[in-house]
Amino acid sequence: MQNEHVKPNFEFVALMASLMSIVALTIDALIPAISDIGIAINSLDATQNQLLIIMIFLGLGVGQLFFGPLSDSLGRKPIVYIGFAVFGVASIICLLAPNLEIMIVGRILQGVGLSAPRTISISIIRDTYRGDYMAKIMSFVTAFFIIVPVIAPAFGKFIMSFSSWEGIFYAQLFFAVLVSFWFYKRQEETLKPEYKVPFKTSVFIRGTKEIFKHRETVSCTIISGLITGSFLVYLSSAQHVFEELYGLADSFPLIFAGLAISIGFSTLTNGTLVVRFGMRNLSFVALSTFTAIALLYSIIFWNEPDPSVSVLISFLSILFLCLGFIWGNLRSIAMEPIGHIAGIGAAITGFVSTILSIPISIFIGKYITDTVWALFAGLGICGLISVVLFIAFKTRPLFASNRAYQ
């Protein structure tokens with residue numbers, strides 16, 4: 001049963017956040033180890049090694065395309081268990097990989113496995129809540145989840161202080177087992193038997209057709225891909241920017257954590273504001289601010305040397321504050337009209353946005369060699385396209401009374 005006015009249960013929020021957090025731990029904890037891994041597998045091209053971060057998103061995109069529909073057929077819980085099993089096998093492949101190509105295969109498979117808990121957690125939330133209250137729960141879950149990116153690089157660096165980079169993979173496996181056991185003991189199945197849909201290839205066709213009936217769902221999915229793609233550029237190049245361009249190897253985990261806190265703070269704030277102001281209004285203001293800040297940086301530092309680290313961090317902090325009001329709300333707007341196909345809906349929209357983000361991040365990332373300017377130019381262009389799409393395909397007037405639509 002979906003709830004609109006029920007106070008969120010803390011354990012439910014924490015558990016859903018934990019299912020998502022394994023993804024963040026698998027990505028961000030490895031960032032400080034990229035150079036060491038490159039040496040171990042004889043891959044010394046920093047640009048190529050960034051694929052160890054980017055390509056896991058390919059697995060996340062492809063995996064959820066299948067796990068979402070399967071969850072509509074078999075239930076939410078069995079799919080989570082299957083996903084964690086795939087993740088375990090993939091982690092072993094990464095640990096034994098003799099070269100970059102094999103490790104990339106392992107990272108893609110890690111993404112495939114983790115797409116199950118990541119996607120199913122969204123479906124479980126959609127099974128349980130709807131409307132702005134769904135956005136509220138998503139915000140709280142995301143805010144809880146943000147704790148992991150804050151500490152993950154420092155966690156990875158801490159493990160490497162007394163172990164090798166392999167220790168990071170063992171730690172990820174340990175937490176995956178812990179969360180899967182917690183999920184097994186405490187989370188009930190949210191997909192009622194009468195709503196189960198037989199798994200057929202035609203479900204993709206019907207689901208896609210249903211999604212394309214809702215123009216706002218399509219536009220928000222594309223926007224999510226654009227914004228996520230531009231963020232992936234930062235994620236994959238952060239070590240290069242702060243450690244090599246700015247010479248801040250020792251401070252990098254703290255800088256990364258501080259910027260992640262910006263996202264977490266705004267995400268938590270969004271959870272308290274979204275019911276009052278509406279997810280569309282907050283999304284639009286955040287998208288507009290995000291775009292303006294990125295373009296402002298691009299104009300100020302056009303053909304100029306990179307600014308001081310304090311100026312760079314100030315611009316990035318404002319951008320990341322905006323992200324907290326964008327991601328959860330866009331996801332909720334996209335899912336709102338397709339709750340009757342929550343599993344396949346989350347799968348297809350997530351697949352499209354993720355697959356769209358990968359070429360964007362690879363294309364922009366190759367220009368970040370001696371300057372960080374390309375990062376902001378990419379953010380600005382992606383933001384500008386997003387604002388245009390948001391305005392063109394909105395289904396409700398912006399800044400109208402939110403109560404009129406509740």
Considering non-hydrogen atoms only, spot the tightest contact between [X] and [Y] and give its length.
| X | Y | value |
| --- | --- | --- |
| L173 | G88 | CD2-CA, 3.6 Å |
| F169 | L95 | CB-CD2, 3.6 Å |
| I358 | F57 | CD1-C, 3.7 Å |
| I168 | A33 | CD1-CB, 3.8 Å |
| L44 | G38 | CD2-O, 4.2 Å |
| P153 | P149 | CD-O, 3.3 Å |

Per the side chain to side chain donor-acceptor pair (under 3.5 Å) rule, what does the pair list look like for [range], sequence neighbours excluded?
| range | answer |
| --- | --- |
| residues 358-374 | D306-T371 |
| residues 251-265 | none |
| residues 22-32 | none |

Worksheet entry | Step-by-step side chain to side chain contact (heavy atoms under 4.5 Å, CB included) determination, F66 to F204 | CA-CA 9 Å; F66 295 97; F204 292 97; 4.1 Å; yes
So, taking the atom named [atom1] in [X] and the one named [atom2] in [Y], what distance separates them when rounded to the nearest 0.5 Å?
| X | Y | atom1 | atom2 | answer |
| --- | --- | --- | --- | --- |
| L70 | L65 | CG | CG | 10.0 Å |
| N281 | R276 | CG | CZ | 12.0 Å |
| T221 | I223 | OG1 | CD1 | 9.0 Å |
| M103 | L51 | CE | CG | 13.0 Å |
| E189 | L74 | CD | CG | 9.5 Å |
| W327 | S353 | CH2 | OG | 11.5 Å |

State which residues pass salt bridge (charged side-chain N to carboxylate O under 4.0 Å, His left out) with [X]; sequence neighbours excluded, sorted by chain then number.
| X | answer |
| --- | --- |
| E243 | none |
| K209 | none |
| R206 | none |
| E11 | R186 |

Would you say the side chain of [Y] lies within less than 4.5 Å of the side chain of [X], judging by non-hydrogen atoms?
| X | Y | result |
| --- | --- | --- |
| P117 | M20 | no |
| L114 | V86 | no |
| T217 | F212 | no |
| I151 | F256 | no |
| L319 | Y234 | no |
| I326 | L287 | yes |
| S161 | K157 | no |
| T228 | L356 | no |

Discussion item. Does F199 have more than 12 heavy atoms from other residues, nucleotides or ligands lying within 6.0 Å of its CZ?
Written reply: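 It does: F199 CZ has more than 12 such atoms within range.
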Worksheet item: With a cut-off of 6.0 Å (strictly less than), are more than 12 heavy atoms of other residues, nucleotides or ligands near OH of Y184?
Response: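 Counting other residues, nucleotides and ligands, OH of Y184 stays at 12 neighbours or fewer.
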Worksheet item: Would R76 and E188 pass as an ion pair if we require N to O under 4.0 Å?
Response: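 A salt bridge is absent here (no side-chain N lies under 4.0 Å from a carboxylate O).
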Side chain to side chain donor-acceptor pair (under 3.5 Å) partners of [X], counting only residues at least two apart:
| X | result |
| --- | --- |
| S310 | S308 |
| S43 | N49 |
| S91 | Q110 |

Discussion item. V218 vs F393, test: side chain to side chain contact (heavy atoms under 4.5 Å, CB included). Steps then yes/no.
Written reply: CA-CA 9 Å; V218 175; F393 295 102; over 6 Å; no
Discussion item. Test of understanding: with ring pair (Phe, Tyr, Trp, His ring centres under 6.0 Å), list the residues that count as partners of F242, not counting sequence neighbours.
Written reply: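 Not a single residue meets the ring pair (Phe, Tyr, Trp, His ring centres under 6.0 Å) criterion with F242.
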Short question: side chain of [X], backbone of [Y] - any donor-acceptor pair under 3.5 Å?
| X | Y | value |
| --- | --- | --- |
| T354 | G61 | no |
| R107 | L52 | yes |
| T119 | A116 | no |
| S219 | E216 | yes |

Item to complete: Taking atom types as modelled, find out whether Q64 and S115 have a side-chain donor-acceptor pair closer than 3.5 angstrom.
Response: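 S115 and Q64 do not have a side-chain donor-acceptor pair below 3.5 Å.
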Worksheet item: Do N99 and N42 have a side chain donor and acceptor closer than 3.5 Å?
Response: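 Their side chains do not contain a donor-acceptor pair, so the 3.5 Å distance test is not met.
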Worksheet entry | Derivation of the side chain to side chain contact (heavy atoms under 4.5 Å, CB included) call for I364 and L375 | CA-CA 7 Å; I364 299 174; L375 169 62; 5.6 Å; no
Discussion item. As a quick check of understanding, evaluate side chain to side chain contact (heavy atoms under 4.5 Å, CB included) for R331 and T349, giving each step before the final call.
Written reply: CA-CA 9 Å; R331 190 74 170 180; T349 56; 3.9 Å; yes
Under 3.5 Å donor-acceptor pairs involving side-chain atoms of residues 381-388, not counting sequence neighbours:
unit_1	atom_1	unit_2	atom_2	d
S386	OG	C382	O	2.8

Practice prompt. For the residue pair Y297 and F376, categorise the inter-ring angle as parallel (less than 30°), tilted (30 to 60°) or perpendicular (more than 60°).
Written response: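 Correct class here is parallel.
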Discussion item. Can you confirm if the aromatic rings of F325 and F290 lie within a centre distance of less than 6.0 Å?
Written reply: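 Between F325 and F290, which both carry aromatic rings, the centre distance is not below 6.0 Å.
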